[in-house]
Amino acid sequence: MKDLTNEKILAAREAVKLLVDGQIVGLGSGSSAYLAIHEIGALVKNGLDIKGVPTSQKTKDLAESLSIPLLNIEDVSAIDITIDGADEFTEELHLIKGGGSFLLKEKVVALLSKQQVIITDSSKKVDLLGKFTVPIEVIPYARNYVMTQLETLNGTGKIRMDGNKPLLTEQGNYLIDGDFGLIKDPASLAHELDGIVGVVEHGLFIGIATKVIMGSGDTAIVFQ
Ligand code: 5RP
């Protein structure tokens with residue numbers, strides 16, 4: 001049986017080799033990113049001189065607990081490299097992200113970054129995106145309207161719940177998990193979602209990632 005945690009650790013260890021002194025480093029969210037942040041914490045302890053930009057409160061708390069110096073996104077206009085996870089990726093480096101609900105900040109940080117390095121286990125590689133639903137962050141007022149628009153795109157949506165209430169993102173929005181079946185043209189779907197009033201952002205990351213490092217067995221494979 002595959003040891004997916006070990007694959008994530010292998011990918012994280014490979015990714016942090018890309019870090020050099022003086023860089024501003026985007027710190028992703030999710031279990032893979034947290035493994036990388038632990039590796040970065042150890043490197044910082046041994047003298048690596050970087051500053052991190054967190055993509056969620058949980059990431060911020062973890063980085064602070066490891067004494068990784070941080071910058072506020074408000075004080076940053078470019079990031080050298082970001083290390084983050086993904087829910088699915090293709091060989092073209094198209095991604096679905098947002099399983100952990102942090103897609104908005106993750107996309108802002110990724111877009112500010114010269115390099116977005118994605119670390120995953122081998123279960124995340126797919127030929128076509130879409131088995132994992134596409135997280136769509138919407139303002140609460142627009143949720144029903146957005147649902148109707150997903151239907152025009154041959155999709156269905158479910159509001160992500162936290163117990164018996166809609167889950168609130170860090171921005172106070174709702175998440176709709178959109179099911180479009182297997183997505184043949186993710187760029188076009190991303191474009192359609194961008195155009196729906198009330199959609200704040202979605203988890204299709206198209207043309208953003210520069211490298212995916214995937215743990216596979218006892219090695220790490222690089223896609224770029
Ligand atoms: C959080 C994300 C995560 O990167 C994604 O859900 C992958 O998580 P994990 O590393 O735990 O498998 O996009 O919003």
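Order of listing sets the numbers, starting from 1, for every ligand and every atom in it. Note: hydrogens, waters and symmetry copies are ignored here, and every other heavy atom, side chains too, is used.
- Of the protein's heavy atoms, Ser31 OG, 2.5 Å lies nearest to atom 11 (O) of ligand 1.
- Residue-ligand proximity, Asp84 to ligand 1, at heavy-atom distances under 4.0 Å covers atoms 4 (O).
- For ligand 1 and Gly85, the ligand atoms under 4.0 Å from any heavy atom of the residue are 4 (O).
- Distances below 4.0 Å separate heavy atoms of Gly30 from the following atoms of ligand 1: 10 (O), 11 (O).
- Taking distance alone, with nitrogen or oxygen atoms compared against 3.5 Å, Gly98 approaches ligand 1 more closely than that limit.
- Protein heavy atom nearest atom 10 (O) of ligand 1, with residue, atom name and distance: Ser32 OG, 2.5 Å.
- Tested against Lys97 for a salt bridge (charged side-chain N to carboxylate O under 4.0 Å, His left out), the candidates Glu88, Glu106, Glu201, Glu137 yield a single pass: Glu106.
- For atom 3 (C) of ligand 1, the nearest protein heavy atom (residue, atom name, distance) is Ser29 O, 3.3 Å.
- Within the 4.0 Å heavy-atom cutoff, Gly28 does not count among the residues contacting ligand 1.
- If you number the atoms of ligand 1 from 1 as listed, the ones under 4.0 Å from a heavy atom of Ser101 come out as 14 (O).
- Among all protein heavy atoms, the one lying closest to atom 1 (C) of ligand 1 is Glu106 OE2, 3.1 Å.
- Those atoms of ligand 1 that come under 4.0 Å of a heavy atom in Lys124, given as number and element, are 7 (C), 9 (P), 12 (O).
- The shortest N or O to N or O distance between Ala33 and ligand 1 is not under 3.5 Å.
- Remark: minimum distance from atom 6 (O) of ligand 1 to any protein heavy atom is reached at Asp87 OD1, 2.6 Å.
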